[in-house]
Amino acid sequence: MSIQTQKSQPYSSDNGYKYVKRRDNRSIGSKKQTVKRMTLFVVLATFAASSYRASLRKKRVFRNTSPFGRIRNASPLGNGVSVIRVCMALGFDASDSGNGTSEGDDVNTVLKRLHLEEKELYTKIAMLAQHDQLQGDNTYDLRQKALGDYVSSVAATFLKHHNVMRYGSIDSVRIPFVEEAVREFRRAAGEERKLFDTQRKQHQSTSESTPKKQLLPKTSSYMLATILLVIKGDHTSISLPFGIIRQRDMARALSRIVTDATVEDCLVGSEVLWTPKTPMSGKGEGGHHHALTEKEIMKSFPDLVPLT
């Protein structure tokens, strides 16, 4: 900014010449023009956004367009695509495993149910593949429906046993397009498989190196499970500003998966992992050596938080 000086009054023998500073009016004028332009832009942008929202309310249609372009993946569950990971650790009293309880909260009940649901899915997929070869029809929609029914059934199984969830975590990310979401899902699924494989190897090594006399029933036994899915919209992912702190938070997330996984043309892909993989065989001594301990759970999955 240029500064100009000017004599304010004639020379005084006592004080000499007195000068005052004066700002350049040209610089001030250019700043005012810039502020006016910015204000006009904000007003026009606000008007355009409000008009767009008003048109949506009037038409009552899915929000598949925006002032900045077209959103190509609008769905009944919202816009965009969500990649969701729900990880949970279920804890059971050792005396209940294999015996059953009034509420059905024992580890063998859950494992047997998971194996039955997985077997039903594989049977449906095999029948559809055989139908493709014989008839030459495209059964993609039927395969997606079978996958959605499977994910919904698995989530319902864990939802039934949410009262024995000791640890849990929920992670989700919303991505604009399906292709990018699928890449993120594959990356996350690969990392999750590595975690489960590492945990199984460590548990197997610990079980083999521990004498059988020390493998008697424990005060509690754990199983670990993760539901990973990529689904259109943002309805399935829940906002938790204070993080996962209660079992009801896990139940809420699972209940949304139960309903949203079966919505037509919304579920893109899913993967379910759990350990121990097979039901624990035998009762009495040594009947619980396949179950996990709390220490093993926290070592393999440090991101899990205690649930109240």
Side-chain angles (χ1 to χ4, degrees), residues 62 64 71-88 113-132 137-159 168-200 224-239 250 252-275 277 301 303:
F62 290 125
N64 57 0
I71 301 175
R72 296 176 296 174
N73 53 359
S75 71
L77 298 179
N79 291 327
V81 188
S82 299
V83 180
I84 304 170
R85 172 184 176 267
V86 180
C87 185
M88 64 210 91
R113 181 62 184 172
L114 292 175
H115 274 276
L116 179 61
E117 292 164 346
E118 188 179 48
K119 183 178 179 180
E120 291 177 354
L121 173 65
Y122 289 157
T123 302
K124 291 180 181 179
I125 296 299
M127 293 177 61
L128 291 173
Q130 185 178 8
H131 181 78
D132 284 347
D137 298 333
N138 186 5
T139 58
Y140 172 79
D141 293 337
L142 295 177
R143 290 197 300 269
Q144 289 300 104
K145 183 179 184 303
L147 180 61
D149 293 340
Y150 168 69
V151 175
S152 179
S153 298
V154 169
T157 298
F158 288 119
L159 178 61
S169 68
I170 299 177
D171 303 299
S172 64
V173 58
R174 189 183 178 201
I175 301 175
F177 303 104
V178 175
E179 295 80 4
E180 298 176 4
V182 170
R183 286 196 293 268
E184 174 62 21
F185 168 76
R186 290 174 178 173
R187 184 198 63 79
E191 293 182 356
E192 199 72 13
R193 289 190 214 103
K194 291 180 180 179
L195 288 175
F196 272 81
D197 291 341
T198 302
Q199 197 284 326
R200 291 192 186 103
L224 189 68
T226 292
I227 299 178
L228 187 67
L229 70 157
V230 51
I231 188 169
K232 295 180 181 179
D234 57 353
H235 179 265
T236 313
S237 59
I238 61 176
S239 58
M250 300 295 295
R252 183 184 174 194
L254 291 171
S255 63
R256 289 201 179 186
I257 294 177
V258 171
T259 56
D260 293 351
T262 57
V263 176
E264 184 179 0
D265 196 31
C266 284
L267 183 65
V268 180
S270 177
E271 185 158 356
V272 181
L273 302 168
W274 68 85
T275 184
K277 190 65 178 176
F301 292 81
D303 62 318

Visitor: Looking at Phe301 and Cys87, what are the two nearest heavy atoms and their distance?
Guide: CD2-SG, 4.1 Å
Visitor: I need the Arg85 CZ to Leu273 CG distance, nearest 0.5 Å.
Guide: 10.0 Å
Visitor: For Lys194, is there an ion pair with Asp197 - N to carboxylate O distance below 4.0 angstrom?
Guide: no
Visitor: Just do the side chain to side chain contact (heavy atoms under 4.5 Å, CB included) check on Ile257 and Ile231 with the steps written out, would you?
Guide: CA-CA 10 Å; Ile257 294 177; Ile231 188 169; over 6 Å; no
Visitor: For Glu271, enumerate each residue passing the side-chain hydrogen bond (donor to acceptor under 3.5 Å, both in side chains) test, keeping only those at least two apart in sequence or located in another chain.
Guide: Arg193
Visitor: On a heavy-atom basis, which atom in Asp303 and which in Ser169 lie closest, and how many Å separate them?
Guide: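 Smallest heavy-atom distance, with atoms named: OD2-OG, 3.4 Å.
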Visitor: What residues, two or more places apart in sequence or in another chain, satisfy side-chain hydrogen bond (donor to acceptor under 3.5 Å, both in side chains) together with Glu180?
Guide: none
Visitor: Report the residues that fulfil side-chain contact (heavy atoms from CB on, under 4.5 Å) with Ser172, sequence neighbours left out, ordered by chain and then residue number.
Guide: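 Residues passing side-chain contact (heavy atoms from CB on, under 4.5 Å) with Ser172: Ile84, Ser237.
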Visitor: Excluding sequence neighbours, so at least two apart, what forms side-chain contact (heavy atoms from CB on, under 4.5 Å) with Ala253?
Guide: Ile170, Ile238
Visitor: If the condition is salt bridge (charged side-chain N to carboxylate O under 4.0 Å, His left out), which residues does Glu118 pass it with, not counting sequence neighbours?
Guide: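 Scan of Glu118 (salt bridge (charged side-chain N to carboxylate O under 4.0 Å, His left out), adjacent residues dropped) gives Lys277.
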Visitor: Which residues pass the side-chain hydrogen bond (donor to acceptor under 3.5 Å, both in side chains) test with Arg183, not counting sequence neighbours?
Guide: none
Visitor: Can you tell me how far CD of Gln199 sits from OG1 of Thr275, rounded to the nearest 0.5 angstrom?
Guide: 5.0 Å
Visitor: Within the 4.5 Å heavy-atom criterion, are Leu77 and Asp234 side-chain neighbours or not?
Guide: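 They are not in side-chain contact.
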Visitor: Show me the donor-acceptor pairs within less than 3.5 Å that the side chains of residues 146-158 make with the rest of the protein, sequence neighbours left out.
Guide:
unit_1 : atom_1 : unit_2 : atom_2 : d
Asp149 : OD2    : Lys145 : NZ     : 3.2
Ser152 : OG     : Val258 : O      : 2.7
Ser153 : OG     : Asp149 : O      : 2.9
Thr157 : OG1    : Glu117 : OE2    : 2.8
Thr157 : OG1    : Ser153 : O      : 3.0

Visitor: Of all the heavy-atom pairs spanning Val268 and Gln144, show the shortest one and how long it is.
Guide: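 It is O-NE2, 3.5 Å.
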Visitor: Rounded at 0.5 Å granularity, tell me how far OG1 in Thr226 sits from CH2 in Trp274.
Guide: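 Reported value, rounded in 0.5 Å steps: 11.5 Å.
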Visitor: Let me confirm one number: the OG1-CG distance from Thr236 to Leu229, rounded to the nearest 0.5 Å.
Guide: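 Result: 6.5 Å between the selected atoms.
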Visitor: In chain order, what residues pass the side-chain hydrogen bond (donor to acceptor under 3.5 Å, both in side chains) check against Glu184, with sequence neighbours excluded?
Guide: Arg187
Visitor: With side chains defined as the heavy atoms from C-beta onward, is the minimum distance between Leu159 and Ser255 less than 4.5 Å?
Guide: yes
Visitor: Apply side-chain contact (heavy atoms from CB on, under 4.5 Å) to Thr123 and list each qualifying residue two or more places apart in sequence or on a separate chain.
Guide: Lys119, Met127
Visitor: Scan residues 252-267 for pairs that pass salt bridge (charged side-chain N to carboxylate O under 4.0 Å, His left out), counting only residues two or more places apart or in two chains.
Guide: Lys232-Asp265
Visitor: Could you grab the distance from atom CG of Asn79 to atom NE2 of His235, nearest 0.5 Å is fine?
Guide: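 Separation between the atoms: 14.0 Å.
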Visitor: Side-chain contact, heavy-atom cut-off 4.5 Å: Val182 with Arg186?
Guide: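 Val182 reaches Arg186 side chain to side chain.
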Visitor: Give the minimum heavy-atom separation between Gly233 and Ser75, together with the two atoms involved.
Guide: N-OG, 3.8 Å
